[in-house]
Amino acid sequence: MGWKSKGGFEANSKSTVTKRWALLLCIGCFCAGMLFSHRSFGIRMWNVPEAKDKTTARATGVKDERLKLISEDCDPIGKDVKRELKDILGEVSRTHNAVQTLDKTISNLEMELAATRAVQESIINGSPISGDLKIPEASGKRRYLMVVGINTAFSSRKRRDSVRATWMPQGEERKKLEDEKGIIMRFVIGHSATSGGILDKAIDAEDRKHGDFLRLEHVEGYLELSAKTKTYFATAAVLWDADFYVKVDDDVHVNIATLGATLARHRTKPRVYIGCMKSGPVLAQKGVRYHEPEYWKFGVEGNKYFRHATGQLYAISKDLASYISINQHVLHKYANEDVSLGSWFIGLDVEHIDDRSLCCGTADCEWKAQAGNVCVASFDWPCSGICKSVERMRDVHKRCGEGKNAL
């Protein structure tokens with residue numbers, strides 16, 4: 001009994017020790033595992049950023065290399081693109097100019113054909129036609145830049161002489177201007193009410209001396225300026241094949257070379273109407289200057305005219321002059337010739353060009369010339385021309401002229 005108890009005690013004691021050591025051993029193993037795991041985890045925690053840094057650096061390097069390659073190739077690509085774009089824009093511009101030139105050529109041919117038919121019909125029907133007019137010939141006809149018609153009257157001999165002494169070349173110089181520059185200049189006048197009278201004989205004598213007149217089949221008179229303007233364009237379009245036809249008054253100063261350069265800029269455009277555009281009031285009151293007898297056609301009293309060029313100087317292209325020549329018998333005439341001209345182009349596809357250099361004041365043209373902006377035409381608005389032009393034309397020419405060598 002005692003032996004059994006002792007033996008049992010020893011067995012229990014050994015078992016207890018074994019369990020304790022086993023527990024301690026397990027705890028130790030767990031702690032050791034945690035320790036090694038922590039170290040291993042710590043190593044990974046430090047190693048991952050390092051790898052990430054290497055990857056980022058490698059990616060950044062590749063990106064920098066690509067940017068370098070792109071930057072090296074960027075300039076040649078940009079230059080090629082710019083060159084191609086410039087070539088395309090140049091081609092578009094050339095095509096646009098070619099289309100404009102073709103349009104103008106077709107328009108001119110149509111107008112010339114219609115003008116030829118109109119002249120032939122006038123001959124066949126026995127309608128009145130100027131003795132100077134001839135049927136235009138399509139082949140071998142000289143092409144001029146512009147025909148400048150200077151509107152004058154029987155009583156304006158001194159005005160004509162003031163123009164001849166200043167801005168209108170004379171003799172061989174005028175002939176050279178026609179041959180080399182394609183610029184025709186003529187004083188435009190019709191006939192007196194008594195054909196062959198003293199007034200006509202005086203003009204004939206003056207023309208024999210200077211040879212600078214264009215005589216029209218027209219009876220002179222202030223109230224007939226619209227008819228005279230129409231006849232001038234119709235006559236000039238048949239006599240001379242020009243790009244532009246100009247009408248100017250004999251009390252206006254003109255710089256011919258500047259006028260030619262101004263018109264040449266619009267040479268490729270069809271149906272051009274150039275001048276200082278305005279839109280003045282329609283004057284219904286009788287007895288006032290520029291009274292409009294047909295004021296009622298423009299609406300209620302106080303209305304303004306449609307846009308048109310002021311009458312001191314304006315220019316129209318070949319096709320518009322031919323249009324007037326063809327339709328002269330049906331074009332309506334208003335009291336004021338500048339209004340009449342503007343009315344003839346309403347409803348047509350006409351480009352109105354407002355150029356203020358064609359209407360400088362005599363007080364402004366000098367400083368504009370000194371600044372390099374030479375005026376085409378100069379006059380005084382209150383006088384609708386140069387006030388006292390016979391006495392002042394030489395002074396205006398001296399102050400505002402373009403210089404003798406400009407032509």
Side-chain angles (χ1 to χ4, degrees), residues 97-98 100-123 129-151 168-169 174-188 211-218 228-248 256-257 259-275 313-328 331 341 344-345 348-351 353 407:
N97 291 335
Q100 279 192 329
T101 303
L102 181 60
D103 187 18
K104 184 177 179 66
T105 302
I106 293 173
S107 179
N108 286 339
L109 290 174
E110 290 175 345
M111 288 297 181
E112 287 177 7
L113 178 60
T116 303
R117 288 174 177 170
V119 173
Q120 289 175 339
E121 289 176 2
S122 296
I123 294 173
I129 185 169
S130 173
D132 295 331
L133 298 185
K134 298 177 183 178
I135 298 174
E137 299 176 4
S139 60
K141 193 173 183 180
R142 168 70 193 273
R143 183 77 175 207
Y144 295 93
L145 170 62
M146 62 181 180
V147 175
V148 181
I150 308 168
N151 183 44
M168 182 181 184
R174 184 166 57 83
K175 184 67 167 58
K176 187 177 180 181
L177 190 65
E178 294 179 6
D179 295 338
E180 297 183 2
K181 303 298 181 181
I183 299 176
I184 303 291
M185 301 177 67
R186 296 287 189 275
F187 287 106
V188 180
D212 54 5
F213 278 93
L214 169 62
R215 301 298 298 272
L216 303 177
E217 289 294 336
H218 166 78
K228 183 178 181 179
T229 300
K230 181 170 61 173
T231 304
Y232 158 63
F233 283 123
T235 304
V238 175
L239 289 178
W240 296 288
D241 181 17
D243 290 317
F244 295 97
Y245 298 85
V246 181
K247 177 264 173 183
V248 59
I256 292 297
L259 173 60
T262 300
L263 296 182
R265 291 198 295 268
H266 308 289
R267 208 168 188 172
T268 60
K269 301 175 182 177
R271 299 175 298 281
V272 175
Y273 175 32
I274 307 172
L313 186 149
Y314 46 72
I316 61 175
S317 57
K318 167 71 176 180
D319 34 18
L320 293 183
S322 297
Y323 171 80
I324 294 174
S325 178
I326 296 164
N327 300 286
Q328 57 181 306
L331 294 176
L341 183 71
W344 299 336
F345 302 146
L348 302 183
D349 186 13
V350 174
E351 180 177 358
I353 297 176
L407 286 170

What one should report as the nearest heavy-atom pair of S317 and P270 is OG-C, 4.4 Å
(request) Please tell me if the side chains of L259 and V248 come closer than 4.5 Å, counting only heavy atoms from C-beta onward. (result) no
_Closer than 3.5 angstrom, by distance alone: can the side chain of Y144 be matched with the main-chain N or O of I184 as a donor-acceptor pair?_
no
Is the closest basic N to carboxylate O distance between R143 and D241 below 4.0 Å? yes
- Side chains of D212 and M185: does their closest heavy-atom pair fall under 4.5 Å? no
In this structure, CG of L263 is separated from CD1 of I316 (nearest 0.5 Å) by 11.5 Å
- Query: Sub-3.5 Å donor-acceptor pair from the side chain of K228 to the main-chain atoms of V188, do we have one?
  - Reply: yes
Between the NZ atom in K230 and the CH2 atom in W344, the distance rounded to the nearest 0.5 Å is 5.5 Å
L177 and P169 have their tightest heavy-atom pair at CD2-CG, 4.0 Å
The test is side-chain contact (heavy atoms from CB on, under 4.5 Å); show your working for I274 and H266 and say whether it passes. CA-CA 9 Å; I274 307 172; H266 308 289; 3.8 Å; yes
Rounded to the nearest 0.5 angstrom, the CG-CD1 distance for L214 and I150 is 11.0 Å
Would you say the side-chain atoms of R186 pair up with the backbone N or O of A236, donor to acceptor, closer than 3.5 Å? no
### Task
Could you tell me whether the side chain of Y232 reaches within less than 4.5 Å of the side chain of N151, counting heavy atoms only?
no
Side chain proximity check, H218 to T235, heavy atoms < 4.5 angstrom:
no
* Asked: Any donor and acceptor pair, going by atom type alone, linking the side chain of K247 with main-chain N or O of T229 inside 3.5 Å?
  -> no
**Prompt:** Any side-chain heavy-atom pair from Y323 and V350 closer than 4.5 angstrom?
**Reply:** no
Tightest non-hydrogen contact, residues S322 and A237, listed as N-CB, 4.3 Å
Going by heavy atoms in the side chains, are M146 and I256 under 4.5 Å from each other? yes
Using the ring of each side chain (for Trp, its six-membered ring), is Y273 parallel, tilted or perpendicular to F345, with breaks at 30° and 60°?
perpendicular
Open item on the list: Is it the case that the side chain of Y245 and the backbone of L320 share a donor-acceptor pair, with hydrogens and angles ignored and the cut-off at 3.5 Å?
Closed with: no
Check: Would a 4.5 Å heavy-atom cut-off, applied to side chains only, mark L145 and R267 as touching?
Finding: yes
So CZ of F233 and CG of L341: to nearest 0.5 Å the spacing works out to 5.5 Å
- prompt: Is there a donor-acceptor contact under 3.5 Å from the side chain of E178 to the main chain of K175?
  reply: no
